Amino acid sequence: MLDDFYKHQAQTTPHPLAMEVAHAEGSYIYDTEGKAHLDFVAGVSACSLGHRHPRVVNAIKEQLDQYLHVMVYGEYVQVPVVTLAKKLAAALPDPLDTTYFTNSGTEAIEGAIKLARRVTGRSELIGANHAYHGSTMGSLSLMGFEQRKSAFRPLIPDCRFIDFNSFDHLARISDKTAAVVVETIQGGAGFILPKHGYLKALSARCKEVGAFLILDEIQPGFGRTGKLFGFMHYDLVPDVVVMGKGMGGGLPVGAFTASAAHMKQLQDKPKLGHITTFGGSPVIAAASLATLNEIQESELMPETLEKEALFRSLLKHPQIKEIRGKGLMLALILENADITNRVVLEAKEAGLILFWLLFEPRAVRITPPLTISKDEIRKGCQVILDILNKIDSE
């Protein structure tokens, strides 16, 4: 199987971790040798409720007995899709009441920037330096990291950049700007939180010049920061909120939500202004609805902040220079990339799954399932501390 993996499946790096997965349950992934791996990554923030959560699995099975894909997106009334859209509208502040479902977060970004250009009649898009919104051409055009873009140019024209958290750069947003697209919390850059008042000032500037504010909640969304969406900590309402990852309970999904008045402009002039065949899959919508219900009806969101505090109290070591992030979206900042690489790789051998971030080579990603127990947190943190102590002793 490993040989076939390297021979027939396209790889994204020269050296994938290449664990052969047998099954997964709760906070653990089990390899084909029967070894249990405690998961501090959750499929890169995607498995909000851990692996094979019973509520999600049951929702999928029930929908499988009804129907799978039946028609291109937006034509038929499908109960799980409509119910999910209605529940999202109830959970989001006005006027965010209409959701377009896609297959992934990056596809949702594409739809959101098309919507902004359609509504405003403008072309300029402004992204943030060191931003990551996905790898399709529109998302790549808004990635503020030239090293990862240069091989694929030319990209979408009329994209400009500001520094995240720079109040001075807000003046670059003008009446030529269709949209500003930023992550509520910058992920690939190292889990950078917005400064006090920054997102509110950014929103005010967008309103002043008539530009859309599109907030990328693909990673912070669905309870990971202690609220359903990260922006809810910062006293503002975006024009469009983009979601994905943890929304689907482990299935591929994305969505963007805006006002009904704005979203209607994708219906005409031209008709079919944004199309997806499999977006809004009834099976994935059923899984997403189960995930949303569990997050809202349980104590997982407030417990997320308690678990953050536990991580911060346990992960104290001379090699850990900083812990960034919020809730269960955390990054350990170590002395250098070599130490980070050792921690990630040696943790894997010790039965703990950690991972890297895109643009910050010193960072160790810690984004476990929201359902992780405090005992599991203690167990995993001890593995990290043991590795750091070993490095110190050499």
Side-chain angles (χ1 to χ4, degrees), residues 24 43 46-92 96-115 118 134-139 217-218 221-222 228-229 240-297:
C47 301
S48 300
L49 302 181
H51 300 284
R52 299 186 67 252
H53 189 280
R55 191 165 184 174
V56 175
V57 171
N58 288 337
I60 292 168
K61 288 178 177 178
E62 288 175 12
Q63 186 56 44
L64 291 178
D65 288 336
Q66 302 301 316
Y67 53 90
L68 306 183
H69 176 73
V70 289
M71 175 54 76
V72 68
Y73 181 79
E75 292 296 325
Y76 285 1
V77 180
Q78 301 173 74
V79 170
V81 188
V82 176
T83 305
L84 177 59
K86 183 178 180 180
K87 195 166 185 69
L88 284 170
L92 287 162
L96 299 171
D97 62 359
T98 305
T99 297
Y100 193 117
F101 296 105
T102 64
N103 303 284
S104 65
T106 190
E107 184 189 333
I109 289 286
E110 301 287 333
I113 61 179
K114 285 172 68 178
L115 177 65
R118 175 69 180 84
S135 293
T136 51
M137 293 301 279
S139 298
E217 286 274 349
I218 295 167
F222 288 82
L228 191 61
F229 292 99
V240 186
V241 58
V242 177
M243 58 197 83
K245 282 191 182 293
M247 177 181 182
L251 294 187
V253 67
F256 58 104
T257 302
S259 70
H262 287 155
M263 205 69 88
K264 282 183 183 298
Q265 296 203 40
L266 290 179
Q267 296 178 5
D268 202 11
K269 299 179 182 178
K271 289 182 173 63
L272 304 173
H274 193 63
I275 311 171
T276 172
T277 298
F278 289 110
S281 156
V283 177
I284 292 174
S288 298
L289 182 59
T291 301
L292 179 57
N293 286 337
E294 182 66 19
I295 289 171
Q296 288 188 311
E297 294 168 10

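If you're wondering where the values come from, they're calculated on a predicted model, not measured in any experiment.
Applying the side chain to side chain donor-acceptor pair (under 3.5 Å) test to every pair with at least one member in residues 246-257, sequence neighbours left out, gives these pairs: T99-T257. Sorted by first and then second residue, the salt bridge (Lys or Arg N to Asp or Glu O under 4.0 Å) pairs with a member in residues 255-268 read D268-K271; sequence neighbours excluded. Listed by first and then second residue, the salt bridge (Lys or Arg N to Asp or Glu O under 4.0 Å) pairs that reach into residues 55-74 are R55-E294, R55-E297, sequence neighbours excluded. Every pair tested for side chain to side chain donor-acceptor pair (under 3.5 Å) that includes a residue from residues 282-292 fails, sequence neighbours excluded, so the list is empty.
E110 places a side-chain N or O within donor-acceptor distance of the main-chain N or O of S139, the cut-off being under 3.5 Å. Without hydrogens or angle criteria, R118 side chain to K269 main chain gives a donor-acceptor distance under 3.5 Å. Under the 3.5 Å distance criterion, the side-chain polar atoms of K87 are left unmatched by any main-chain donor or acceptor of L289.
Of all non-hydrogen atoms in A112 and V240, the two that sit nearest each other are CB-CG1, 3.9 Å.
Qualifying ring pair (Phe, Tyr, Trp, His ring centres under 6.0 Å) partners for H51, counting only residues two or more places apart in sequence or in other chains: none. For N58, there are no side chain to side chain donor-acceptor pair (under 3.5 Å) partners two or more places apart in sequence or in a different chain.
Using modelled atom types and a 3.5 Å distance limit, the side chains of T102 and T276 yield no donor-acceptor pair.
Using bins of under 30°, 30° to 60° and over 60° for the plane-to-plane angle, the ring pair F229/F222 lands in the perpendicular bin.
Crowding of Y67 atom OH: a count of heavy atoms from other residues, nucleotides or ligands under 6.0 Å exceeding 12.
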